[in-house]
Amino acid sequence: MFNLILFGPPGSGKGTQSEKLIAKYGLKHLSTGDLLRSEIANQTPLGLEAKKIMDKGQLVPDEVVIGMISSALDNNPKAKGFLFDGFPRTSAQAEALDKLLELKNTGIAAMLALEVTEEELVKRLLKRGETSGRSDDTNETVIRARITEYRNKTAVVADYYAQFDKVVAVKGEGTVDDIFGALCKEIDDRM
Ligand code: ADP
């Protein structure tokens, strides 16, 4: 298996690049944001609880997202590999992911970290909010809260993978195709 993490702050382009990467490399896309939004759309108890937290721009509890990822790994036994998007977002999630992958005799090949300035992030998210239907994209206070959560809890996840020399920084500004090209080059070097 070949497993990648696509990392970066909210609005850094993880969703856009993930779509292109899974098509090219045949990986299974696991986005905790998408999994949570699907729970919300289906009005499950988990979704209803998660929505309140997501609408404040905060992170949902680790055990909730770790449980979702664990089920998704079990439900895809034939996958060639996984592309994790929006996960892990805390050190506890990173440690849990390593254990889950170890049980399947696999691990993370690399963490691709998209780098984008904060002003550009806010601009992109407000723009996405005009059409995405995502309530967490329409309010600048919520957007800034998400970026603060990222700085306080998620940025350290890169330090976790840096210990194992797995972090690859990629500039997340420029055209979608340029960024995709830069990501592919890094992946091809590691495959
Ligand atoms: P973005 O990267 O634009 O913030 P996501 O779709 O990845 O969008 O996440 C939306 C929201 O879902 C987050 O603000 C958070 O509340 C919740 N969420 C997604 N993934 C996680 C995670 N791994 N841990 C905790 N909360 C998460």
Side-chain angles (χ1 to χ4, degrees), residues 3-19 21-22 28-42 44-73 82-101 108 111-158 160-161 170 172-173 176 179:
N3 306 302
L4 294 170
I5 297 171
L6 189 57
F7 189 73
S12 56
K14 301 186 294 291
T16 305
Q17 297 296 335
S18 288
E19 292 305 322
L21 291 170
I22 54 165
K28 171 80 189 161
H29 185 199
L30 289 185
S31 154
T32 41
D34 288 349
L35 292 170
L36 288 165
R37 280 185 289 277
S38 138
E39 297 280 341
I40 294 173
N42 292 322
T44 65
L46 189 159
L48 295 174
E49 271 314 300
K51 182 169 178 9
K52 292 186 217 157
I53 301 169
M54 291 163 74
D55 280 346
K56 285 189 269 185
Q58 295 168 358
L59 294 182
V60 307
D62 286 334
E63 56 275 18
V64 173
V65 285
I66 293 167
M68 286 193 324
I69 289 290
S70 174
S71 310
L73 293 177
F82 293 95
L83 175 66
F84 297 96
D85 160 7
F87 180 88
R89 250 178 162 92
T90 64
S91 306
Q93 291 177 23
E95 284 168 27
L97 178 61
D98 267 359
K99 295 212 177 82
L100 289 171
L101 292 177
I108 293 296
M111 168 190 264
L112 302 161
L114 291 170
E115 298 188 328
V116 178
T117 63
E118 177 157 341
E119 282 327 294
E120 173 70 15
L121 294 174
V122 175
K123 212 165 66 187
R124 287 186 190 179
L125 289 167
L126 283 169
K127 179 140 181 51
R128 184 169 84 186
E130 292 169 10
T131 53
S132 68
R134 278 182 55 169
S135 46
D136 61 346
D137 283 345
T138 45
N139 178 317
E140 187 161 340
T141 312
V142 174
I143 290 174
R144 298 256 180 215
R146 282 155 63 202
I147 296 172
T148 303
E149 283 280 78
Y150 174 83
R151 273 210 228 98
N152 292 340
K153 297 179 186 162
T154 305
V156 292
V157 175
Y160 176 83
Y161 289 99
V170 174
E173 295 186 43
V176 168
I179 299 164

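Atoms within each ligand, like the ligands themselves, are counted from 1 in listed order.
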Based purely on interatomic distance, does [X] place a nitrogen or oxygen under 3.5 Å from a nitrogen or oxygen of ligand 1?
X      : value
Arg134 : yes
Asp34  : no
Leu59  : no

Numbered atoms of ligand 1 (with element) below 4.0 Å of [X], judged on heavy atoms:
X     : result
Phe87 : 23 (N)
Gln58 : 15 (C), 16 (O)
Gly86 : 20 (N), 21 (C), 22 (C), 23 (N)

From [X] atom [atom1] to [Y] atom [atom2], the distance as rounded to the nearest 0.5 Å:
X      : Y      : atom1 : atom2 : answer
Arg146 : Thr141 : CZ    : OG1   : 12.0 Å
Gln93  : Leu59  : CD    : CG    : 7.0 Å
Ile53  : Asp136 : CD1   : CG    : 13.0 Å
Phe7   : Leu112 : CZ    : CG    : 11.5 Å

* **Candidate list Leu6, Leu4, Ile69, test side-chain contact (heavy atoms from CB on, under 4.5 Å), partner Phe84, passing option** =>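 Checked Leu6, Leu4, Ile69 against Phe84; only one passes side-chain contact (heavy atoms from CB on, under 4.5 Å): Ile69.
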
* Under 4.5 Å between any side-chain heavy atoms of Phe87 and Val157, yes or no? ->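 When only atoms from C-beta onward are counted, Val157 and Phe87 do not touch, as no gap falls below 4.5 Å.
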
* For the residue pair Glu149 and Arg89, establish whether any side-chain heavy-atom pair is separated by less than 4.5 Å. =>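 Sidechains of Arg89 and Glu149: no contact.
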
Protein contact to [atom] [nearest heavy atom, distance to 0.1 Å]:
atom                    : answer
atom 18 (N) of ligand 1 : Leu36 CD1, 3.5 Å
atom 20 (N) of ligand 1 : Thr32 OG1, 2.7 Å
atom 26 (N) of ligand 1 : Val60 N, 3.1 Å
atom 24 (N) of ligand 1 : Gln93 NE2, 2.9 Å

* Would you check whether Glu149 reaches within less than 4.0 Å of ligand 1, judged by its heavy atoms? =>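 Glu149 does not count as a contact of ligand 1 under the 4.0 Å cut-off.
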
* Asked: Is it true that Glu119 and Arg144 make a salt bridge, defined as a side-chain N closer than 4.0 Å to a carboxylate O?
  ->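 Salt bridge between Glu119 and Arg144, a charged N being under 4.0 Å from a carboxylate O: yes.
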
* **Options Arg89, Met54, Arg128, Arg146, ranked by nearest heavy atom to atom 9 (O) of ligand 1, top entry** =>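 Ranked by closest heavy atom to atom 9 (O) of ligand 1, first place is Arg89.
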
